[in-house]
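First up is the structure itself, then whatever we jot down about it.
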Amino acid sequence: MHNYTVTLKSPLPHHAPPSHPIFSLPLNPRQFVLPLSPQKAGGSIYHNPVFICKGTQVSVPSHGSASLGPSNGNGAAVHDWKVRSVGIENIDVATLGNLCVDIVLNVPKLPPRSREASFAYMQELSKSPPDKKYWEAGGNCNMAIAAARLGLHCATIGHVGDEIYGQFLLDVLREEGISMVGMSEDGDIVDSSNASYETLLCWVLVDPFQRHGFCSRADFCKDPAFSWMSKLTEEVKMAIKQSKILFCNGYGFDELSPALIMLALDYAVEVGTSVFFDPGPRGKSLLTGTPEEQQALSHLLKMSDVLLLTSDEAESLTGIGNPILAGQELLKNGIRTKWVIIKMGSRGSILVTMSSISCAPAFK
């Protein structure tokens, strides 16, 4: 076993408060020890050592794009940071869209597979609100809540309706100390009786065998749920500008138009806010979606500072099964991309930069 020590630098601007535990690790360059197990043959070491991360063995490519020596800084450039104090308090992480209420129900059987039957099943469920004990904050609320519980100042940017589900989400976010920045303009006429303005619900259905099914009105709409939104308000721009990170995920496309998502991305780039993008399972469908969706996905993959994907998602977007090679392909195709993080479930995760590879074990 050979241990190689590398230095990783954060893709974030150097402005995170040191009191926040999540930032205390990457913002000051730290040394990570990579356990590499090169196989020997006749006293020599193969050029493709095996990378081991808690039981995961992945062949490390030998073409030099992931050198295992000290970082030379090329793979993790950082932005200059100027303290911004205009209007609102600085935000560590802001999430974009994908604010929904998950309603988790045990059902005797999962909904039928046909589109028409599934829609009728959901309509039947929606006739009367189930008990609040089955409600959970879903979507990007999970990201914001997790970050807030680590001590970060978080904000959610999106839309919730003026009904019981929207009030529930606002109450949860308030209890967690998370700011909410609405995306509708003051002049917008928001008709609370119109389904297009209602909080997005996701029905999470669990059968007796613990198999899960999911359905929401976004599954049955040709356009995004909130397609009536077409531009960034000044309040939204201010929130993005005051944020260190703008976190986006693929499910944001269920609510927001590709054009609006690209506007938010381009504005974040313009004002120096780091963009983290997790395409999730939607990445695969976006890859073969409308021309607008394909363009927006490509733009996010190229212009984000950090990409977060499972190994399956990385393979679906690159066609490469080896997670390290897939990560390097995403880095190579990116314009601003500095980190690619490949999530591998119980086997931990792999961090790939232009100058290094590292890994972290999974939480129990």
Give the intermediate values and the outcome of salt bridge (charged side-chain N to carboxylate O under 4.0 Å, His left out) for residues Lys109 and Asp207. CA-CA 5 Å; Lys109 61 180 181 179; Asp207 74 3; over 6 Å; no

For Trp203 together with Tyr121, are the ring centres under 6.0 Å from each other?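 No, ring centres 6.0 Å or more apart.
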
Test of ring centre spacing under 6.0 Å for Phe247 and Phe276: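 Between Phe247 and Phe276, the centre distance exceeds or equals 6.0 Å.
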
Assign the ring pair Tyr197 / His159 to parallel, tilted or perpendicular, where the plane angle (0 to 90°) is split at 30° and 60°.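 Taking His159 first and then Tyr197, their aromatic rings stand perpendicular (interplane angle over 60°).
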
Could you label the plane-to-plane angle of the Phe220 and Phe119 rings as parallel, tilted or perpendicular, counting under 30° as parallel and over 60° as perpendicular?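 Phe220 vs Phe119 ring planes: perpendicular.
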
Does a sphere of radius 6.0 Å around CD in Glu315 hold more than 12 heavy atoms from other residues, nucleotides or ligands, not counting ones at 6.0 Å or beyond?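 Correct, the count exceeds 12.
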
Other residues, nucleotides, ligands: >12 heavy atoms within 6.0 Å of Tyr267 OH: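 Count over threshold, so yes.
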
Contact list for residues 274-283, test salt bridge (charged side-chain N to carboxylate O under 4.0 Å, His left out), sequence neighbours left out: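 Non-adjacent pairs meeting salt bridge (charged side-chain N to carboxylate O under 4.0 Å, His left out): Asp254-Arg282, Asp278-Lys343.
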
Would you find a donor on one side and an acceptor on the other, under 3.5 Å apart, between the side chain of [X] and the backbone of [Y]?
X      : Y      : value
Ser118 : Ser114 : yes
Asp223 : Ser227 : no
Asn98  : Asn140 : yes
Gln242 : Ile91  : no
Asn249 : Gly252 : yes

Salt-bridged, Arg149 to Glu176, with N to O below 4.0 Å?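 Yes, this pair counts.
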
Distance-only side-chain donor-acceptor flag, His299 / Asp266, under 3.5 Å: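 A pair is found: one side chain offers a donor N or O, the other an acceptor, under 3.5 Å apart.
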
Do Val236 and Ile178 share a hydrophobic cluster (ILVMFWY, side-chain heavy atoms under 4.5 Å, transitive)?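 No: no chain of side-chain contacts under 4.5 Å links Val236 to Ile178.
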
Between [X] and [Y], what is the shortest heavy-atom contact and its length?
X      : Y      : answer
Ser311 : Arg347 : OG-NH2, 4.4 Å
Lys302 : Thr337 : O-OG1, 3.6 Å
Thr199 : Gly161 : OG1-N, 2.7 Å

First locate atom CG of Leu330, then atom CD1 of Ile341, and finally report the distance between them rounded to the nearest 0.5 Å.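 Separation between the atoms: 12.5 Å.
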
Worked check of side chain to side chain contact (heavy atoms under 4.5 Å, CB included) between Glu136 and Val104: CA-CA 8 Å; Glu136 296 180 1; Val104 186; 4.0 Å; yes

